[in-house]
Amino acid sequence: MSRGKLLLIKKRVQATESLKKITKAMEMVATARVKKIEKSLQGVREFLDETVRMIKNIELIGEHPFLTGNGKKALIVISTDMGLCGAFPTEIGRASSNFIEKEQIDYVYAIGNKSIPFFRKHPKTRRIYERAYDIPNFDFSKTLTNDLLNDGVGIIYVAYGKFKNRLIQKPEIVKLTPITFEGVKSSRYEFEPDIEMLTKKAVEFMVATSIYSYAFETKVSELYARQNAMRNATENAEEVIIELTLEYNKERQASITQELIEIVSGAQALQEE
């Protein structure tokens with residue numbers, strides 16, 4: 001029985017060592033990817049800031065739903081397509097689910113495969129975008145903005161993974177529309193073809209830019225969450241290997257001791273005969 005237990009422990013050690021190699025490799029992949037993508041995050045944030053600064057100088061007029069807020073109330077949930085990043089996608093899903101009930105959201109637009117368990121059968125789900133992108137792009141943001149307009153949405157909220165630092169990534173919900181800016185706009189500019197058309201293009205561009213920025217930030221948060229989760233898994237695997245090795249050595253020593261006892265007992269029995 002002792003030999004069988006030794007074999008079982010040895011197999012567990014080998015399995016844990018294989019798992020450790022996988023988690024270490026995934027950590028390295030996440031680290032390499034996030035280094036490339038994080039370099040672009042600051043540029044995406046500046047793109048959004050410049051868009052806001054530009055639109056603040058325009059006297060927005062008209063009855064566009066993104067200005068008036070007339071229409072359906074929607075929540076865009078930006079999650080992940082892949083798992084193995086700890087509780088990150090789950091936290092976004094739970095925060096979004098609570099917000100839907102609290103704010104009486106009409107439509108939910110969920111992005112990412114990991115949003116499916118929360119919103120596949122949810123009565124407020126309007127669309128789920130599975131594997132819409134690997135790295136967020138502006139074309140998808142424009143497509144989503146058009147979907148919102150076609151569905152008669154006026155008030156937009158976005159749930160995304162806010163990137164605070166390499167160790168902290170938390171869900172956050174922000175309000176996009178109706179768009180309002182304080183202060184009086186300058187009237188010294190002339191616009192062509194007309195101010196209403198410019199207003200329409202400007203507010204839709206701002207919504208698309210905001211979605212793009214939040215999606216990009218969520219992607220960076222996802223990769224750091226995966227890097228941290230895989231690092232923790234690797235460290236846990238190392239601890240398990242140490243514990244199993246100690247247990248293996250104890251069992252082997254006990255087996256050797258038992259065999260010696262049996263040899264000595266057998267020798268004494270022969271001498272007595």
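Predicted model, so just to flag it, every value in this text is computed and none were measured.
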For the residue pair [X] and [Y], what are the closest heavy atoms and their distance?
{"X": "Gly154", "Y": "Thr177", "value": "O-OG1, 2.8 Å"}
{"X": "Asn70", "Y": "Pro65", "value": "O-CB, 3.5 Å"}
{"X": "Thr234", "Y": "Lys24", "value": "OG1-N, 3.4 Å"}
{"X": "Ser79", "Y": "Pro89", "value": "OG-CB, 3.8 Å"}
{"X": "Val108", "Y": "Ile105", "value": "CG2-CG2, 4.3 Å"}

Residues that [X] engages under salt bridge (Lys or Arg N to Asp or Glu O under 4.0 Å), provided they are two or more places apart:
{"X": "Arg12", "value": "none"}
{"X": "Asp139", "value": "Lys142"}
{"X": "Lys73", "value": "none"}
{"X": "Glu50", "value": "Arg53"}

| task | May I ask you to test the Leu75-Ser96 pair for a side-chain heavy-atom distance under 4.5 Å? | result |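 Leu75 vs Ser96: side chains touch.
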
| request: For the pair Thr16 (side chain) and Ala237 (backbone), establish whether a donor and an acceptor sit closer than 3.5 Å, ignoring hydrogens and angles. | output: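 No; judged by distance alone, with no hydrogens or angles, the pair does not exist.
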
Point-to-point distance, once rounded to the nearest 0.5 Å, from [atom1] of [X] to [atom2] of [Y]:
{"X": "Lys162", "Y": "Ser221", "atom1": "NZ", "atom2": "OG", "result": "9.0 Å"}
{"X": "Ile76", "Y": "Ile211", "atom1": "CD1", "atom2": "CD1", "result": "3.5 Å"}
{"X": "Met28", "Y": "Arg231", "atom1": "CE", "atom2": "CZ", "result": "12.5 Å"}

| field | Those residues that, when tested against Tyr109, pass ring pair (Phe, Tyr, Trp, His ring centres under 6.0 Å) (two or more places apart) | value |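 Ring pair (Phe, Tyr, Trp, His ring centres under 6.0 Å) list for Tyr109, sorted by chain: empty.
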
| said: Please identify which of these residues, Asn113, Asp147, Thr143, meets the side chain to side chain donor-acceptor pair (under 3.5 Å) condition with Tyr129. | reply: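 The single option meeting the side chain to side chain donor-acceptor pair (under 3.5 Å) with Tyr129 is Asp147.
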
| Using links of under 4.5 Å between side-chain heavy atoms of ILVMFWY residues, direct or through other members, which residues join Tyr212 in one cluster? |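 Val34, Ile37, Leu41, Val44, Phe47, Ile135, Phe138, Phe163, Phe205, Phe216, Val220, Leu223, Tyr224, which link up through side-chain heavy atoms under 4.5 Å apart, make up the rest of the cluster.
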
